[in-house]
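The next block holds one structure in the form of structure tokens; read it before the comments.
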Protein chains: 2
Amino acid sequence: MAGFVSHFTNRLDAKGRVSIPASFRAVLARDGFEGLYCISSSHCQAVDAGGNELLAEIEKRSEAFAKLSPDHDALAVALFGASENPKIDGDGRMTISDMIRDHTGITDQVTFVGMKYKFQIWEPEKFREYRAEAQKRALAMLSGQPPASSQGESA
Amino acid sequence: MAGFVSHFTNRLDAKGRVSIPASFRAVLARDGFEGLYCISSSHCQAVDAGGNELLAEIEKRSEAFAKLSPDHDALAVALFGASENPKIDGDGRMTISDMIRDHTGITDQVTFVGMKYKFQIWEPEKFREYRAEAQKRALAMLSGQPPASSQGESA
DNA sequence: TGGGTTCTTATGGGATATCATGGGAAATCA
DNA sequence: TGATTTCCCATGATATCCCATAAGAACCCA
């Protein structure tokens, strides 16, 4: 396996659970992280999820500042205060917390999007919009256009 | 588990007790600290709490000064004088002391904020304000000075 | 190649455990 | 002795565990 790839959409059940795609579970198992590490994205209505590799990436960001300093505290609140460690049950499911619901707008379906070292959790329709937008941007970038400076969440 | 992560708001009961979030208790248990180490933050209206990992961080600070020196003494008084060691009862609750009440403005609800190696105790409304501020600051810190090998999130 | 068989996966639901919270009673303190 | 504080148990809500099932994918063997 080469990290989290492809994307899948699964249904939420009455108890607020979703199956994590089997191929993602395989990656997580190999990574060895207990459960799942989730952090809401600061620039889109999605939640980043993953294991040790993602966590290491996050930790790296706060290491530049001395602990107990105001800067470190602010960063820690923004990063870890907005994180969660959902468990994965015996059937490979996780529960979508209120925090994830609020940040993503998820109601009854969840789209899992592989991004190599992490994956994202999206509300399916919002993901479709984001994806279309991302493709346009990619096209513009490839054709040498100056990238649109606005990346407002127009959702 | 990956340290103190996420945030929770619990109610204070008539006796001044709050439940410490179960996941935080699990981290404390693993850390092995007896009870809880609390110290009021010097730069915000919150109280830092944790176990040995936090204590070690604080001790590291005072070690920068030679023992018996006036500086060391002053720091020790400031640090440990503002500290407390609340017990955690059999049901995982702590009592909010007057010191914590005064410093945080807590009345009937308490927000616990995970910050990896420690967590903070906040009055919920004050936390909301601080959090908005912290997010702005974090964004500025992370985008302002890209730490070494930055890798942009490109879809 | 085709058709049946076995595995895997997503999903549903009942039973059980955990957690936050409330309150009584015993213990402690001043 | 009166006022707290600490210990213990009760309870409702939620989360977790465990098993069932159906659809699909992979597999096997002629």
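Since the model is a prediction, treat every value here as computed from it, not as a measurement. Order of the sequence lines fixes the chain letters, A, B, ..., with proteins taken first and strands second; residue numbering starts at 1 for each chain.
- Put simply, the side chain of A:D31 gets close to the backbone of A:N52: a donor and an acceptor are under 3.5 Å apart.
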Letter per nucleotide, 5' to 3', of nucleotides 9-25 of chain C [B base touched, S only sugar-phosphate touched, - untouched; heavy atoms, 4.0 Å]:
SSBBBBB---SSBBBBB

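- To the nearest 0.5 Å, the span separating CD on B:Q135 from CD on B:E133 amounts to 10.5 Å.
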Check nucleotides 27-30 of chain C against the protein and report each pair of N or O atoms closer than 3.5 Å, with its distance, or say if there are none.
none

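- Taking 4.0 Å as the cutoff to heavy atoms of chain B, we find the contact window on DNA chain D bounded by D:dT6 to D:dC9.
- Pairs passing the side chain to side chain donor-acceptor pair (under 3.5 Å) check and including a residue from residues 94-112 of chain A, sequence neighbours excluded, read A:T9-A:T111, A:E84-A:S97.
- Of all the heavy atoms in B:C38 and B:M94, the pair that sits closest is SG-CE, 4.4 Å.
- Put simply, CZ on B:F119 and CG on B:L36 are 4.5 Å apart, with the number rounded to the nearest 0.5 Å.
- When each of B:I121, B:N10, B:I20 is tested with B:V110 by the rule side-chain contact (heavy atoms from CB on, under 4.5 Å), just one qualifies, namely B:I121.
- Note that CD1 of B:I88 and OG of B:S19 are 11.0 Å apart. Values are rounded to the nearest 0.5 Å.
- Between the side chain of B:D48 and the backbone N or O of B:S40 there is no donor-acceptor pair closer than 3.5 Å.
- Rounded to the nearest 0.5 angstrom, B:Y130 OH and B:S41 OG are separated by 7.0 Å.
- Under the rule for a salt bridge (charged side-chain N to carboxylate O under 4.0 Å, His left out), the partners of B:D13 that lie at least two apart in sequence or sit in another chain are B:R17, B:R93.
- Ring geometry, B:F24 versus B:F8: the interplanar angle exceeds 60°, so the pair is classed perpendicular (tilted spans 30 to 60°).
- Here CD1 of B:I106 is found 12.5 Å from CZ of B:F127. Values are rounded to the nearest 0.5 Å.
- The end-to-end axis angle of the helix from C:dT1-D:dA30 to C:dA30-D:dT1, rounded to 10 degrees and based on five pairs per end, is 40°.
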